[in-house]
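Scroll down for the structure; my scribbles are underneath it.
These numbers come from a predicted model, not from an experiment.
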Amino acid sequence: MASTEVGTRTGGPAPAAPPIVPQGPARLALIAVTVAVLAQTLRFSLPQLDRFADSAGTGVAAFGVLAVYLAGFAAPLIRRAAGFRGLLLAGVGGLLAVRLLAQAIDPRTWLAFAGTAIGMIAVAALYEGARGLSGVGFATATVAGLSIDTAVRMCFATWDPVWRSGIGPWLACLAFVGLGAAALYRELASGPVAAPGISWRDALGAAAFGPFLALQVLVLSSPAFVASSGWRSLTAAHIVIVIGQGLALAFLASGLAVRAVPGGVCVLGGTVLGVGAGAVAGTYAVSGIEVVPIVILGQVLSAWLLAVACRAPLRRAGTGGPVWRVDVGAALGGLLIVLILVPYQVSAVSPLPFPNNLLPGLAGILLGALAAIAAARGGPLPARAPLRALTAGGAALGLLAGTLVFTIAAPDGKATAAPVPGTVRVLSYNIHDAVDQSGRLDPEGIARVIEGQRAQVVLLQEAGRGSLLSGTADVGVWLSRRLGMTLIWGPAADGQFGNAILTSLPVHSSGTGRMPRGDWSQIRGYVWARLGVGGTTMDVWSTHLEGGDDQADERSRSIAALLRAWGGAPRTLIGGDFNAGPGSPELAAMTEGTDLRSAAIGDDTSPTRADGEHVDWIFGSDGVLVTEYDVPVSRASDHYPVAVTVRIGR
């Protein structure tokens with residue numbers, strides 16, 4: 001830990017380095033737990049910040065969010081007023097208290113703001129708590145904390161325990177908070193480790209934590225991201241992440257990361273990392289098996305670059321200025337988190353003047369550039385380097401316990417049978433990322449609505465599979481497991497946010513498509529499936545069109561593309577959030593010149609959204625007879641589901 005002395009050493013021989021402190025394990029645990037809880041806080045805060053933007057307006061929300069993420073710059077003032085102990089208590093202690101409070105009362109908007117602000121102070125406190133460790137030690141503890149956090153999330157099928165009640169989520173919360181509190185107590189009792197003079201160049205290395213954590217939350221430590229972008233199962237996705245984390249820990253333990261390398265090599269590593277992240281994350285991303293090696297290599301590269309960057313702010317000898325410069329560097333890292341994650345989150349619902357792929361790419365490049373600042377410093381390989389690497393990499397296999405729990409604890413979901421033989425119950429539902437009207441992430445609430453309608457086919461919009469809007473949870477897979485239904489995924493805005501179909505009927509074929517766009521705004525899309533119904537088939541489509549009164553022309557172009565893709569096939573239902581009301585020209589285009597017709601019986605215009613608007617529709621073609629139509633009211637989303645019962649002709 002650092003001294004609070006603010007004097008400056010500018011000349012003369014460097015003082016002897018203080019001995020390495022004996023509280024190594026406690027210090028590593030403190031860093032690991034703090035990083036894990038900080039990641040959890042960011043994940044539960046992002047849906048709340050989105051809800052705040054919906055209610056307060058974009059301008060007010062942007063100002064509020066920026067103010068929260070600037071809170072890290074208060075760290076030097078806290079250090080000056082209360083010393084190193086005050087900084088640790090305000091940052092790490094405050095973050096642990098927020099985590100406990102969030103479990104007790106459910107995350108709220110005010111708690112999301114408070115938790116994020118305290119989290120930014122905790123970033124500076126991390127470096128205070130890590131003083132006496134090397135950059136490799138800091139990076140090792142950071143990767144270990146994220147690894148354990150990911151494994152715990154897998155035990156809950158990626159729906160963070162902070163949103164859930166019951167003994168399991170509380171045990172997870174108390175384990176993190178209890179271990180963190182014990183490590184913090186040991187750290188406070190051990191006394192400060194004197195800091196050397198810190199140059200601004202050294203301090204900038206602390207900013208590397210920001211882009212590192214942004215990449216981990218968005219891509220590298222998100223099983224839902226790997227599953228949706230890589231078209232893998234959630235189990236396979238976690239195994240991929242564990243392999244990457246294990247290799248990263250092995251590389252750090254081998255000692256190769258402590259060797260001095262030219263700054264240009266770090267810039268090259270960051271560029272490779274940025275290009276890879278930008279290639280798999282965003283609207284114009286590649287998908288498929290290519291995601292797997294990029295995530296594995298990204299884990300190793302990001303851990304190495306973090307270790308290199310953190311050498312300078314954690315060094316124990318040297319000349320320069322006061323230690324609060326490290327606090328400023330860490331606060332800059334916290335600001336970089338918001339500059340990467342929040343615009344990426346906004347891009348899912350509002351246009352940006354550039355493709356959102358640039359944001360994860362920028363994170364990788366920034367991490368490489370900040371590591372280049374400290375790249376010239378290094379040291380010899382430690383003793384028994386190969387054995388250390390094998391031990392660290394092998395220890396990562398224990399993280400697969402999360403996958404084991406995920407597999408064993410699968411819910412006994414059983415899809416309901418048709419209400420009447422020869423009929424099919426179909427639901428079209430904009431689930432708003434499974435965030436309910438109170439701002440709580442609650443996939444269980446969505447599942448209960450679907451169960452209550454006894455649906456065999458569910459057409460989902462705004463379904464998240466690793467989306468920041470749903471706290472990076474894999475809502476699609478969670479609902480599929482919970483309801484015992486097959487998931488057919490249709491990415492739209494990016495690989496993590498789009499449309500989906502859940503069904504208990506046999507799937508004969510399926511496909512997805514995207515609407516054409518001429519700018520960098522969100523791309524809309526659709527997903528379809530041909531399902532077996534008795535001795536025949538029916539086609540079902542789910543789509544979500546652009547919102548806004550000034551977007552009618554865009555909706556008309558999307559409808560034209562949708563109808564071309566459909567091609568007039570019989571026995572078809574097309575449902576979704578059309579963002580258009582009764583009598584609009586866009587909806588008229590769905591029925592004029594086609595054999596489609598609205599499923600609303602008697603021109604029912606019941607509101608399908610909590611604000612009283614009717615924008616969600618189901619259209620049926622020849623061969624489909626609608627016998628029931630209903631819009632049940634629910635608070636599980638800001639939209640209400642549209643439910644129909646149909647008979648399928650031959």
Side-chain angles (χ1 to χ4, degrees), residues 20 24-36 39 126-127 129-151 205-206 208-213 215-216 219-221 240-261 265-266 268-270 272-273 276 295-316 333 364 367-368 370-400:
I20 297 179
R27 198 154 274 168
L28 291 171
L30 181 67
I31 297 166
V33 171
T34 303
V35 170
L126 271 176
Y127 288 94
R131 195 163 307 283
L133 297 175
S134 64
V136 168
F138 181 87
T140 299
T142 298
V143 173
L146 290 169
S147 303
I148 295 170
D149 173 57
T150 305
F209 181 78
F212 171 86
L213 187 60
L215 278 176
Q216 294 290 333
V219 179
L220 299 179
S221 291
V240 168
I241 291 174
V242 168
I243 291 172
Q245 291 168 336
L247 290 176
L249 291 171
F251 180 79
L252 292 171
S254 72
L256 294 173
V258 306
R259 303 305 299 270
V261 293
V265 175
C266 290
L268 176 61
V272 171
L273 176 62
V295 168
I296 292 174
L297 179 62
Q299 286 282 5
V300 177
L301 281 175
S302 61
W304 167 59
L305 292 171
L306 181 67
V308 172
C310 291
R311 291 172 183 166
L314 293 177
R315 63 191 178 87
R316 301 192 303 276
L367 182 55
L370 292 166
I373 295 173
R377 299 183 176 95
L381 288 174
R384 300 185 302 279
L387 179 61
R388 289 161 60 105
L390 288 173
T391 302
L397 295 177
L399 300 171
L400 292 176

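Closest heavy-atom contact between A371 and A309: CA-CB, 3.7 Å. The two residues L367 and P211 come nearest to each other via the heavy atoms N-CG, 4.1 Å.
When atom types are taken as modelled, the side chain of R27 and the backbone of G129 share a donor-acceptor pair closer than 3.5 angstrom.
With sequence neighbours excluded, the residues that form a side-chain contact (heavy atoms from CB on, under 4.5 Å) with S221 are L146, T150, Q216, Q245, Q299. In terms of the side chain to side chain donor-acceptor pair (under 3.5 Å) criterion, T142 has no residue partners (sequence neighbours excluded). For L297, the side-chain contact (heavy atoms from CB on, under 4.5 Å) criterion is met by V272, L301, not counting sequence neighbours. Looking at residues two or more places apart in sequence or on another chain, you find a side-chain contact (heavy atoms from CB on, under 4.5 Å) between A206 and Y127, P313, V326, A330. Residues forming a side-chain contact (heavy atoms from CB on, under 4.5 Å) with A36 (at least two apart in sequence, or on another chain): Q40, D149, F176.
To the nearest 0.5 Å, atoms CD1 (I241) and CG (L220) are separated by 8.0 Å. Taken to the nearest 0.5 Å, the CD1 atom of I296 stands 5.0 Å off from the CD1 atom of I243. To the nearest 0.5 angstrom, L252 atom CG is 12.0 Å from F138 atom CZ.
Between L133 and L28, the closest side-chain pair of non-hydrogen atoms falls below 4.5 Å. Looking at V143 and L306, their side chains never come closer than 4.5 Å, going by heavy atoms from C-beta outward.
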Next item on the list: Give the intermediate values and the outcome of side-chain contact (heavy atoms from CB on, under 4.5 Å) for residues L370 and I373.
Entry: CA-CA 5 Å; L370 292 166; I373 295 173; 4.1 Å; yes

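L273 pairs with exactly one of L215, L268, V300 by the side chain to side chain contact (heavy atoms under 4.5 Å, CB included) rule, that one being L215.
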